[in-house]
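Following: one structure in structure tokens, then a few remarks.
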Amino acid sequence: MQSTAKTPSEYLESLPDERKEVMMKIREAIMQHLPEGFVEVMNYGMLGYVVPHSVYPKGYHCDPKLPLPLMALASQKNNISFYHMGIYADPELFNWFTAAYPEHVKSKLDMGKSCIRFKKMNEIPYALIGELVAKLSTEKWIEMYESNYTK
């Protein structure tokens, strides 16, 4: 079920206690490493990390009224999902992340195209998430987005 929270704080407060602490630690890793120009918002019922219209007026090609997304964080029924569109768009970033992951976590990486699923709350690589977040500047993400997704 998608959250109807209006703010990131409201979203976090609505989580069950067993998820709240983990989600707050992931959020902290994201916020500590979030490059300048990105902002935290509620987007699609999740915590979203986007390039705002003030920086990229064109917005998201699927819905230009929305800011350009890069990342999202959500507490799902069976896992915590961290979405990073840069991993999908940049093979180098994907290769770096998939090679670094086993150095931080013993269990197998559970990943879709841009979604990393964490089912074991005690095996979340907070430092690695922070490194991943820091790897793309807003300028680099916009350049990558425009070359991959816009026509």
Side-chain angles (χ1 to χ4, degrees), residues 1-56 59-60 62-63 65-90 92-142 144-145 149:
M1 186 168 107
Q2 194 173 37
S3 174
T4 58
K6 302 286 184 230
T7 67
S9 296
E10 187 181 317
Y11 177 78
L12 291 167
E13 283 303 314
S14 72
L15 298 175
D17 289 341
E18 65 272 9
R19 289 288 181 94
K20 192 179 298 186
E21 183 179 343
V22 173
M23 287 286 290
M24 289 173 77
K25 286 171 83 173
I26 297 172
R27 180 185 183 220
E28 184 178 318
I30 292 168
M31 296 303 289
Q32 285 179 351
H33 295 91
L34 193 65
E36 189 175 321
F38 290 104
V39 296
E40 182 182 55
V41 297
M42 284 303 297
N43 205 7
Y44 295 103
M46 301 179 273
L47 298 178
Y49 302 89
V50 303
V51 180
H53 285 103
S54 61
V55 175
Y56 189 69
Y60 187 36
C62 293
D63 183 352
K65 289 178 258 160
L66 295 175
L68 176 61
L70 173 61
M71 299 175 287
L73 178 62
S75 178
Q76 307 287 0
K77 181 178 178 182
N78 296 314
N79 60 66
I80 289 178
S81 296
F82 177 62
Y83 301 85
H84 193 292
M85 291 174 66
I87 287 178
Y88 180 60
D90 182 1
E92 270 185 51
L93 190 58
F94 172 83
N95 291 336
W96 167 81
F97 184 80
T98 55
Y101 190 87
E103 297 170 15
H104 295 264
V105 179
K106 290 180 170 75
S107 58
K108 183 180 174 203
L109 175 60
D110 183 358
M111 184 173 165
K113 290 182 179 180
S114 70
C115 178
I116 304 156
R117 291 174 285 276
F118 300 109
K119 292 180 181 165
K120 297 179 180 179
M121 299 302 114
N122 61 339
E123 289 190 9
I124 296 177
Y126 302 103
L128 182 62
I129 292 169
E131 281 185 66
L132 175 60
V133 168
K135 289 213 176 264
L136 274 182
S137 66
T138 52
E139 295 81 11
K140 180 70 177 164
W141 173 233
I142 291 168
M144 194 180 299
Y145 171 76
Y149 299 111

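What's counted below: heavy atoms across the whole structure, side chains too, no hydrogens, waters or symmetry copies.
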Checklist line | Test side chain to side chain contact (heavy atoms under 4.5 Å, CB included) applied to V41 and Y49, step by step | finding: CA-CA 6 Å; V41 297; Y49 302 89; over 6 Å; no
Next item on the list: Measure the SG-OH distance between C115 and Y83 for me, rounded to the nearest 0.5 Å.
Entry: 4.0 Å
Notebook entry, point to check: Are side-chain heavy atoms of M71 and M85 found at a separation under 4.5 Å?
Noted result: no
Next item on the list: Over all heavy atoms of both residues, which pair between F118 and E123 is shortest? Give the atoms and the distance, please.
Entry: CD2-O, 4.4 Å
Notebook entry, point to check: Would one find more than 12 heavy atoms of other residues, nucleotides or ligands at under 6.0 Å from atom CD of E18?
Noted result: yes
Next item on the list: To the nearest 0.5 angstrom, please state how far the CD atom of E92 sits from the NZ atom of K135.
Entry: 10.0 Å
Next item on the list: Starting at CD1 of I129, measure out to NE2 of H33 and round the result to the nearest 0.5 Å.
Entry: 11.0 Å
Note to self: For the CE atom on M121, are there more than 12 heavy atoms of other groups (residues, nucleotides or ligands in this structure) within a distance under 6.0 Å?
What the structure shows: yes
Show the atom names and distances, to 0.1 Å, of all donor-acceptor pairs under 3.5 Å that link a side chain in residues 95-105 to residues at least two apart or in another chain.
unit_1 : atom_1 : unit_2 : atom_2 : d
N95    : ND2    : P91    : O      : 3.2
T98    : OG1    : F94    : O      : 3.0
T98    : OG1    : N95    : O      : 3.3

Check: Is the shortest heavy-atom distance from the side chain of P67 to the side chain of V55 under 4.5 Å?
Finding: no
Margin query: To the closest 0.5 Å, what do you measure between CZ (R27) and CG (L34)?
Written below: 11.0 Å
Checklist line | M42 versus S3, closest heavy-atom pair with distance | finding: CE-OG, 4.5 Å
Item checked: Closest non-hydrogen atom pair between F38 and S137, with its separation -> CE1-C, 3.8 Å
Margin query: Between L68 and W141, does the side chain to side chain contact (heavy atoms under 4.5 Å, CB included) criterion hold? Intermediate values first, please.
Written below: CA-CA 9 Å; L68 176 61; W141 173 233; 3.6 Å; yes
Margin query: For a quick test of reading the model, state the closest non-hydrogen atom pair linking I116 to L132 and the distance between them.
Written below: CD1-CD2, 4.4 Å
Notebook entry, point to check: Taking C-beta and beyond as the side chain, do M144 and D90 meet within less than 4.5 Å on heavy atoms?
Noted result: yes
Next item on the list: Please report the shortest heavy-atom distance between A5 and E10, naming the atom on each side.
Entry: CA-OE2, 3.3 Å
Margin query: When you compare the side chains of S81 and R117, does any donor N or O come within less than 3.5 Å of an acceptor on the partner?
Written below: no
Margin query: When you compare the side chain of L70 with that of V50, does any pair of heavy atoms fall below 4.5 Å?
Written below: no
Notebook entry, point to check: What heavy-atom pair brings M23 and L12 nearest, and what distance separates the two atoms?
Noted result: CB-CD2, 3.9 Å
Notebook entry, point to check: So, do F82 and I30 sit near enough that their side-chain heavy atoms are less than 4.5 Å apart?
Noted result: yes
Item checked: Derivation of the side chain to side chain contact (heavy atoms under 4.5 Å, CB included) call for V22 and N122 -> CA-CA 9 Å; V22 173; N122 61 339; over 6 Å; no
Next item on the list: With the side chain counted from C-beta on, respond yes when S75 and L15 share a heavy-atom pair under 4.5 Å apart, and no when they do not.
Entry: yes
Checklist line | side chain to side chain contact (heavy atoms under 4.5 Å, CB included) evaluation trace for Y11 with K6 | finding: CA-CA 7 Å; Y11 177 78; K6 302 286 184 230; over 6 Å; no
Note to self: What I'd like to find out is whether the side chain of L93 reaches to under 4.5 Å of the side chain of Y88, using heavy atoms alone.
What the structure shows: no
Note to self: For the CE atom of M46 and the CG atom of L73, what is their distance to the nearest 0.5 Å?
What the structure shows: 9.0 Å
Item checked: Spacing of NZ belonging to K119 relative to CG belonging to D110, to within rounding of 0.5 Å -> 4.5 Å
Check: Is there a side-chain contact between K20 and E13, using heavy atoms and a 4.5 Å cut-off?
Finding: yes
